[in-house]
There are 2 protein chains.
Amino acid sequence: MQAIRGIIGYALRRAQLSVFDDLIQTLEEFHLRPANFSVLYVINENPGLNQSEISSALGIQKTNFVQVVDRLEKAELIKRCRAKHDRRSHALYLTDKGAELFYKAREQHKQHEKRMIERLGPNGREQLLPLLWRLTSE
Amino acid sequence: MQAIRGIIGYALRRAQLSVFDDLIQTLEEFHLRPANFSVLYVINENPGLNQSEISSALGIQKTNFVQVVDRLEKAELIKRCRAKHDRRSHALYLTDKGAELFYKAREQHKQHEKRMIERLGPNGREQLLPLLWRLTSE
DNA sequence: TATTGTTATACTCTATAACTATA
DNA sequence: TATAGTTATAGAGTATAACAATA
């Protein structure tokens, strides 16, 4: 083995790029990038969170998150609603069209996830996930 | 746990960004980005490889690799040498200055690696690396 | 014809500073 | 004074097409 393959950051980066190659291809037919999909995913699970809450949960800066939300709103997949209790913040919801697209994309995403689990082999996912979250300083 | 944390690609991406935060800070004093460091790393181990060999080993496209090599050559850390047997190709070598900087950077990088191993806990690295390389389709 | 390296270019992602409206 | 969201902008990183020199 080349010594560089023993470097954690290098191995991580190569794995991430490889997984995203498959993921990007998987989501292409829905015109969704991985970040867009993750936003729909969180909104679907937690409708009504505001932009700051979602962007910080996803590790996206609020300033960059604006464009992501703009794009998804323009595509009529989500809607911004002024919160009554704090009129500065925008609660985010899936539109019907957004929910429909998300459910289809999620089905394809499940197939992607199966492919990755096959790459990992028996118990690979169960070993990998906690290690990755230990690396992630939040 | 939020369901999204169970998605392999998402966990990978978050871990990679977190590790790179530390790595970028570690290499900052040497004015090296992670990609620059990886190039010096490979040249130090395999002096005389040509640009195509190094870029493909690192998963960087040859067209983008030109700018990386330009920058490192302008900083006098590496030099391009026309190969005698194939005058199209450029063999890459560390300069004395490049070797000196690389050894210092590698010392700091070892500390970075120790910090990541601490995050992972006992046997974490030994479990993680083979899983990551199984995910990487090369 | 094919390959190595190159240029030009465009697109995405990410980072910073400064602003507005509300609190 | 602080916070949620926004705009403008600049810098990385990455992707494609077309080319010259050499094989």
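To find a chain, count down the sequence lines: A is the first, B the second, and so on, and within it residues start at 1. We use all heavy atoms of the structure for the numbers below, so side chains are in, but hydrogens, waters and symmetry mates are not.
One finds a side-chain N or O of A:R13 lying less than 4.0 angstrom from the OP1 or OP2 phosphate oxygen of D:dT14. The shortest distance between the side-chain N/O atoms of A:T63 and the OP1/OP2 oxygens of C:dT14 is not below 4.0 Å. The side chain of B:H90 places an N or O atom within less than 4.0 Å of a non-bridging phosphate oxygen (OP1 or OP2) of C:dT6.
Contact annotation for B:R71: no contact, since no heavy-atom pair falls under 4.0 Å across all strands. Within the nucleic acid shown, A:D86 comes within 4.0 Å of sugar-phosphate atoms alone, with no base atom in reach, counting heavy atoms only.
If you measure from atom CZ of B:R82 to atom P of D:dA23, you get 9 Å, rounded to the nearest angstrom. Straight-line distance from the CD atom of A:Q61 to the P atom of D:dA8: 18 Å, rounded to whole Å. If you measure from atom CZ of A:R80 to atom P of C:dA21, you get 16 Å, rounded to the nearest angstrom. The CD atom of B:Q51 sits 14 Å away from the C1' atom of D:dA21 (whole-angstrom rounding).
Contact check on B:K110 versus B:E107 returns a salt bridge, with a Lys/Arg side-chain nitrogen under 4.0 Å from an Asp/Glu carboxylate oxygen.
Side-chain polar atoms of A:S38 and B:R13 form no donor-acceptor pair below 3.5 angstrom. A donor atom on one side chain and an acceptor atom on the other are found under 3.5 Å apart for B:S137 and A:S18.
For B:Q67, the side-chain atoms get nearest to D:dT14 when compared with the rest of D:dT14, C:dT4, D:dT6. With C:dT6, C:dT3, D:dG5 as the choices, the nucleotide that has an atom nearest any side-chain atom of B:V66 turns out to be C:dT6. Side-chain proximity of A:R88 to the nucleotides C:dT14, D:dT3, C:dT4 is greatest for D:dT3.
Between the side chain of B:R87 and the base of D:dT22 there is no donor-acceptor pair of N/O atoms closer than 3.5 Å.
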